[in-house]
Number of protein chains: 2
Amino acid sequence: MTAILIVDDDKNILKLLDIHLVKQGYKVFQAKDGMEALEILRKESCDLAVVDVMMPFMDGYTLTKEIRNLYDIPVILLTAKSQIEDKELGFQAGTDDYLVKPFEPKELSYRIKALLRRYDHQADESILRTGNTTINQKSYEVQIGNRSYLLPLKEFELLSYLISHPRQVFSREHLIEQIWGLDFQGDERTVDVHIKRLRQRFSKLTDDFQIKTVRGVGYLLEVQRK
Amino acid sequence: MTAILIVDDDKNILKLLDIHLVKQGYKVFQAKDGMEALEILRKESCDLAVVDVMMPFMDGYTLTKEIRNLYDIPVILLTAKSQIEDKELGFQAGTDDYLVKPFEPKELSYRIKALLRRYDHQADESILRTGNTTINQKSYEVQIGNRSYLLPLKEFELLSYLISHPRQVFSREHLIEQIWGLDFQGDERTVDVHIKRLRQRFSKLTDDFQIKTVRGVGYLLEVQRK
DNA sequence: TTTTTTGTTCATTCTCCGTTCATATTCCAG
DNA sequence: CTGGAATATGAACGGAGAATGAACAAAAAA
């Protein structure tokens, strides 16, 4: 379940936000100031923080900086209308978004959704997509359209690596280091063979991607631009 | 320079946004409807799009979907206060942010900055640009518009070197030393052939750059002044 | 066990592309 | 205008690197 930390010195606002967010299906942690917020973050795992700017002891900007230093979660800053000039400060601190008070709870929801999706996108490495092709790193399956294929390990790892760094050339040496490990003793040409097999396996199945050769350098995976 | 596409059927708003964004140092393209927007995107390379929701022919959501299918740029949707219910639709289409009209230009600026920074994050340092042309030193690819070309190694290295020192003459000797290395034994005329190949490859593809001959001295790359 | 799959090596074939060379064209000094 | 020097261009070659097919050992599945 997605957990959200809300930080505000006004208990009424905390309560309002809590009700609204819980209704949306989030797990909510409340903090009345910066120190409490950091304490919660230390103990619990939160996916996003909503932080008020005006707070005693530690203002929202400072807290945001602190959070961003320690954790990789998005932060939404709440600012009063009069402080609109200060927004730049907030962004400079690495905030991902802000909201001007008073705001509709609905607006907050949308922002939260959008930010979470953005972060999930980057965080969820277990599924790779390009066009019609999906690579599921948990099941070691490659899906094209509605058919799915189970690849041999090395082939899968190779494709997986290439597809997660599209349009980038890798030398055989690099690929072996990444996929086989530093201690691999064998021949670099092994890569060639797996590339060959990937190519003949997929060339007539999809044009979502293509493995190209850069003579004298290595291989790269080209994704289809639509 | 960062280029922003603004799409709105209201000419006054277009003009206002244009003035504001140009003042901020952006290059601005204007489109009065979806079709025009897509046309511009096809021809020019834009880094971000600002799209009004209410437009004739093609609404902002549809346009956004279309843009996101074709290009990898963030989109900011502009919605009227009354349409706040529709926001979800916009996000579902893959929009990166939205703004409720009327908004302060400053607010737009901040959003743009934030989004661009987020996207730049993914962008790479090993990229050379001039006009519509992008040289990706990681993929050994040259992109012109939205088509990309994989060059032979030496041609790529030569172009790469020239384009990173535009308007500067280099002797064949110098180029050989830089690209082939000090130990190259061959004929200086080799450079000529690669220059020839670059020229015939790109002369009809783009006028972003041009390789010129300085008789008795060497070659230089001229970039298009806009 | 037998059978199949998978990872690697090896030998052969093939192809690309960097280079050279021969010829045509352009430039400019005189 | 003209001849000689520099550059452009077309063509061809040769070799290095890549593709490919086959073979084999090891592991997994039957």
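Throughout, protein chains are lettered first and strands after them, A, B, ... in sequence-line order, and every chain is numbered starting at 1.
- Each of B:Val191, B:Val193, B:Asp192 was evaluated against B:Ile195; a single residue qualifies, B:Val191, per the side chain to side chain contact (heavy atoms under 4.5 Å, CB included) test.
- Axis deviation across the helix from C:dT1-D:dA30 to C:dG30-D:dC1 amounts to 30°, comparing end segments of five pairs, rounded to 10 degrees.
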Using a 4.0 Å heavy-atom cut-off to protein, can you give one letter per nucleotide of nucleotides 24-30 of chain C, 5' to 3': B if the base is in contact, S if only the sugar-phosphate is, - if neither? --BB---

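- Straight-line distance from the CG atom of B:Leu198 to the P atom of D:dT7: 17 Å, rounded to whole Å.
- With hydrogens and angles ignored, the 3.5 Å screen pairs a side-chain donor or acceptor of A:Arg199 with a backbone N or O of A:Ile211.
- One distance of note links CD1 of B:Ile76 with CG of B:Asp52; it measures 13.0 Å at 0.5 Å rounding.
- When rounded to the nearest whole Å, the span between CD of B:Glu188 and C1' of D:dA8 equals 16 Å.
- Interatomic distance, CD1 of A:Ile73 versus CG of A:Leu41, reported as 5.0 Å (0.5 Å rounding).
- One can place CG of A:Leu150 at 13 Å from C1' of C:dT6, the figure rounded to the nearest angstrom.
- Between the side chains of A:Tyr161 and A:His174, at least one donor N or O lies within less than 3.5 Å of an accepting N or O.
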Does the side chain to side chain contact (heavy atoms under 4.5 Å, CB included) test come out yes or no for B:Phe209 and B:Glu222, once each step is laid out? CA-CA 5 Å; B:Phe209 60 87; B:Glu222 184 95 24; over 6 Å; no

Report, as a single string ordered 5' to 3', how protein heavy atoms within less than 4.0 Å touch nucleotides 19-30 of chain D: B base, S sugar-phosphate only, - not at all. SBB-B-------

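- Distance CG (B:Leu159) to P (C:dG18): 14 Å, rounded to an integer number of Å.
- Considering only side-chain atoms of A:Thr190, the nucleotide from C:dT19, C:dG7, C:dT9 that sits closest is C:dT9.
- Between the C1' atom of C:dT19 and the CD atom of B:Glu155 lies a distance of 13 Å, rounded to the nearest Å.
- B:Ser160 and B:Gln137 share a donor-acceptor pair across their side chains, judged by distance under 3.5 Å alone.
- Panel note: side chain B:Asp47, backbone B:Ala3; a donor-acceptor pair is recorded below 3.5 Å.
- With rounding to whole Å, B:Lys154 atom NZ is found 18 Å from C:dC16 atom P.
- Between the P atom of D:dT7 and the NZ atom of B:Lys212 lies a distance of 17 Å, rounded to the nearest Å.
- Note: B:Trp180 and B:His194 have tilted aromatic rings, judged against thresholds of 30 and 60 degrees for the angle between ring planes.
- In this model, the phosphate group of C:dG7 is not approached by any side-chain N or O of A:Trp180 to a distance below 4.0 Å at OP1 or OP2.
- B:Asp9 places no side-chain N or O within donor-acceptor distance of the main-chain N or O of B:Asp33, the cut-off being under 3.5 Å.
- Nucleic acid contact for B:Phe156: none, since no nucleic acid atom lies under 4.0 Å from a heavy atom of the residue.
- Side-chain atoms of B:Thr213 never come within 3.5 Å of backbone atoms of B:Arg215 as a donor-acceptor pair (strictly under, hydrogens ignored).
- A sub-4.0 Å separation between OP1 or OP2 of C:dT8 and a side-chain N or O of A:His194 is present.
- The distance between atom OH of A:Tyr149 and atom P of C:dT5, rounded to the nearest whole Å, is 17 Å.
- B:Ile13 pairs in a side chain to side chain contact (heavy atoms under 4.5 Å, CB included) with only one of the listed residues (B:Asp18, B:Val50, B:Asp8), which is B:Asp8.
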